[in-house]
Every structure is written in C-alpha cells, then in structure tokens.
Amino acid sequence: MSSDYNHDPSEDQRSLWSQEQNDLKKQLVLEDAVSFDAATLTGLKYVGGVDLSFPLGDHENAVACLIVMKMPDLQIVYKEFLHTKLHLPYISGFLAFREVEPLLKLINQLKSNKPEFYPQVILVDGNGLLHPRRFGIASHLGVLCQTPTVGVAKNFLVIPSEFDDMGSLKGKFKESLFRKGDDYKLVGAASGAVYGTALRTSNTATNPVFVSQGHLVSLETAIKIVLNTSPLYRIPEPIRAADLESRAYIRSNVLL
DNA sequence: GCGACAG
DNA sequence: ATCTTGTCGC
C-alpha cells in the first residue's frame with residue numbers, strides 16, 4: 001500500500017530520455033545571443049517567467065502560467081494560464097518531460113497572439129546547465145522555443161559525480177554569501193566545469209538561489225538578469241508572479 | 001547495497 | 001510540488 005505508486009522509471013526509459021536530452025543538447029548555445037546589451041542590460045524591455053502549480057495532493061492536474069514583465073519597473077504586461085493534465089510523474093533529472101509541454105504551449109500562444117510582448121529572456125523555475133547531463137528544463141525549454149532562458153532553482157540539485165560532499169557545500173554558501181549579489185560558483189570536482197552559481201538575491205533571505213544558463217545566455221548575463229529582477233525577494237519577480245498567479249488561479253477555481 | 005534527488 | 005500560524009526583525 002506504500003509502494004503502489006513507485007514512480008521509478010525503468011533503466012530503459014531513463015536511457016531513452018537521457019538520449020533525447022543529449023540530442024537536443026546539440027542545439028544548445030551557451031553564449032550571449034540576446035537582443036539587448038548583455039553587459040549593461042540596456043535595451044532589455046521584457047522578461048518572462050514561467051511556473052506550474054498543483055491542487056493539493058493532485059499530481060495530474062496542473063496550472064501553468066506565463067508572465068511577462070516590463071523592465072525596469074517589473075510591471076506585468078502579459079499573463080496567461082493553461083490548465084493541463086500531466087502524464088508523467090516528477091522524476092529528478094527529467095523534469096522537462098513532465099512540465100515543458102504546457103510551458104511551450106503558452107509561449108507559442110503568446111508569440112502568435114501578442115508578439116509585441118514576446119520576452120527577450122525567460123526565467124524558468126528549475127535548472128539549466130546545473131543538471132546531471134547539463135540539460136535541465138531551462139535549457140530544454142530554451143532550445144524548443146529558440147529563446148534565451150535562465151534556470152533559477154530554489155534547491156540544489158545533487159550531482160553525485162561532480163559534487164560529492166553536499167555538507168561542506170551548504171557550509172560554503174553560508175560562509176561566502178554575505179549580501180545581495182554575492183555568488184559562489186559551482187564547479188564540478190571531476191570535470192572542473194562550471195555548472196552555475198549559488199546567488200544571494202536578497203539581504204534578508206540567507207538562502208541563495210541556484211542560477212544556471214538555460215540557452216543563448218552566458219552565466220554572467222544570467223546572474224545580472226536575476227539580480228535585476230529580484231529587487232525585493234529571493235525569487236525573481238517574473239517567476240514569483242507566475243507562482244503566485246497560478247496558485248491564486250487554482251484557489252479561485254474548483255478543479256476536479 | 002545505501003543514500004541523494006530541480007519541481 | 002503542497003498545507004499552515006505565528007512570530008521575529010527592520
């Protein structure tokens with residue numbers, strides 16, 4: 001009765017998904033190819049944010065939300081929801097296969113209905129490069145919609161082969177991040193590759209946010225964008241708004 | 001074999 | 001991911 005819903009996919013399934021991630025990764029661009037000045041963010045007018053929320057205890061029904069905010073005032077200029085049924089469970093390392101479809105649908109809908117508000121970069125709730133195969137949902141979504149994306153995760157995704165001692169890592173965050181803007185680069189021990197950074201986005205919130213490149217942006221630019229969209233809280237406004245709005249949507253609608 | 005595991 | 005009240009600090 002406890003293991004009736006053991007969602008562990010077979011090794012074959014994991015292998016197929018991994019292969020798909022590796023295939024799509026061939027299209028991944030990790031340099032700035034943005035429509036604004038990457039160094040100063042001059043010309044950055046619209047930033048998007050996406051997130052999904054679920055009704056209590058419901059793993060199937062979800063409400064996806066896409067928010068577009070105007071810079072530098074961070075006012076919402078576009079907001080759209082999509083109530084969908086997810087077919088796969090959450091599996092660490094394969095989040096995109098569960099959530100990317102409704103997000104892509106919202107983005108394409110915006111592109112055809114209100115192209116004037118199409119964002120120059122989209123902040124995604126989850127990781128990009130900071131991923132076992134260096135292709136998390138932020139990168140996945142970016143490649144599929146061919147738009148710059150940045151991954152922003154609230155929790156550190158363990159990658160055993162690269163970051164063995166999580167205990168000392170958590171300590172490192174606390175002892176190296178003193179104020180907003182401080183960051184601690186996440187370098188894989190085995191490969192020496194930079195996966196992303198633990199970034200402190202608030203002076204009151206001690207815990208950092210984990211920023212990694214999604215698609216078409218450098219890590220430096222990703223950090224600037226996250227800092228510039230987090231004037232008050234730990235979570236960047238576009239993602240925070242998508243989270244708040246999608247939850248409000250669920251609360252005000254009787255689903256099921 | 002055990003433990004760890006974005007949302 | 002999701003539920004919840006108070007409470008501490010500026």
Side-chain angles (χ1 to χ4, degrees), chain A residues 5-9 11 14 17-18 21 49-66 83-104 122-142 149-170 173 179-180 186 188-190 195-199 202-214 222 226 232-236 239-240 242-251 253 255-256:
Chain A
Y5 60 114
N6 184 353
H7 290 142
D8 289 350
E11 230 21 78
R14 299 183 84 97
W17 282 334
S18 295
Q21 290 174 326
V50 290
D51 191 31
L52 284 87
S53 289
F54 304 80
L56 175 63
D58 191 332
H59 292 244
E60 237 185 15
N61 295 288
V63 171
C65 178
L66 165 61
H83 177 204
T84 50
K85 262 194 185 319
L86 302 183
H87 304 295
L88 297 173
Y90 162 71
I91 300 157
S92 180
F94 302 100
L95 177 63
F97 294 94
R98 169 172 165 82
E99 301 188 345
V100 88
E101 199 168 289
L103 298 181
L104 185 61
I122 300 173
L123 302 183
V124 182
D125 195 359
N127 296 302
L129 254 197
L130 181 50
H131 178 274
R133 287 163 298 284
R134 297 173 70 80
F135 198 73
I137 189 171
S139 299
H140 199 132
L141 181 64
T149 53
V150 172
V152 181
K154 295 181 285 297
N155 295 93
F156 184 70
L157 171 56
V158 172
I159 303 175
S161 59
E162 292 279 52
F163 306 94
D164 8 274
D165 52 342
M166 252 304 286
S168 71
L169 253 189
K170 281 202 168 184
F173 299 153
R179 58 163 205 173
K180 177 175 181 176
L186 300 163
Y195 280 79
T197 194
L199 177 69
S202 156
N203 283 322
T204 51
T206 287
N207 293 326
V209 114
F210 301 90
V211 178
S212 60
Q213 297 165 74
V226 169
L232 205 50
Y233 304 100
R234 183 169 82 112
I235 307 301
I239 291 180
R240 185 167 174 272
D243 177 45
L244 262 30
E245 296 283 357
S246 56
R247 290 187 192 227
Y249 183 98
I250 287 177
R251 283 202 308 172
N253 289 274
L255 304 177
L256 266 183

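These values consider heavy atoms only, across backbone and side chains, with no hydrogens, waters or symmetry-generated copies.
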- What's the CG-C1' distance between Leu103(A) and dG7(B), to the nearest Å? 11 Å
Quick one: which protein N/O atoms are closer than 3.5 Å to N/O atoms of nucleotides 1-7 of chain C? Pair and distance per line, please.
{"unit_1": "dA1(C)", "atom_1": "OP2", "unit_2": "Lys154(A)", "atom_2": "NZ", "d": "2.8"}
{"unit_1": "dT2(C)", "atom_1": "OP1", "unit_2": "Ser53(A)", "atom_2": "OG", "d": "3.2"}
{"unit_1": "dT2(C)", "atom_1": "OP1", "unit_2": "Phe54(A)", "atom_2": "N", "d": "3.4"}
{"unit_1": "dT2(C)", "atom_1": "OP2", "unit_2": "Arg247(A)", "atom_2": "NH2", "d": "2.9"}

- Message: From CZ of Phe210(A) over to P of dC5(B), roughly how many Å is that when rounded to an integer?
- Response: 12 Å
- Between dA6(B) atom P and Leu129(A) atom CG, what is the distance in whole Å? 18 Å
- Message: In this structure, how many angstroms lie between the C1' atom of dA6(B) and the CZ atom of Phe94(A), rounded?
- Response: 13 Å
- Item | Whole-Å distance separating the CG atom of Leu88(A) from the P atom of dG7(B) | 18 Å
- Trp17(A) CH2 to dA6(B) P, in whole Å, measures 16 Å
- Message: Without decimals, in angstroms, what is the distance between Arg98(A) CZ and dC5(B) P?
- Response: 18 Å
- Could you check whether Leu130(A) gets within reach of a base, just the sugar-phosphate, or nothing at all, counting any heavy atom under 4.0 Å? nothing
- Message: Is the distance between the ring centroids of Phe173(A) and Phe210(A) under 6.0 Å?
- Response: yes
- In whole Å, what is the span from the CG atom of Leu186(A) to the C1' atom of dA6(B)? 13 Å
- Note, Asp243(A) side chain near Ser53(A) side chain (heavy atom, < 4.5 Å): yes
- Query: Do His140(A) and Phe97(A) come close enough that some side-chain heavy atom pair is under 4.5 Å?
  - Reply: yes
- Message: Considering every strand and a 4.0 Å limit on heavy-atom distances, what is the contact class for Phe97(A): base, sugar-phosphate, or nothing?
- Response: nothing
- How about Glu101(A): does its CD atom have over 12 heavy atoms from other parts shown lying under 6.0 Å from it? no
- Compare all side-chain heavy atoms of Asn61(A) with those of Lys85(A) and state whether any distance is below 4.5 angstrom. yes
- Item | Side-chain heavy-atom pair Ile159(A), Leu130(A) within 4.5 angstrom cut-off | yes
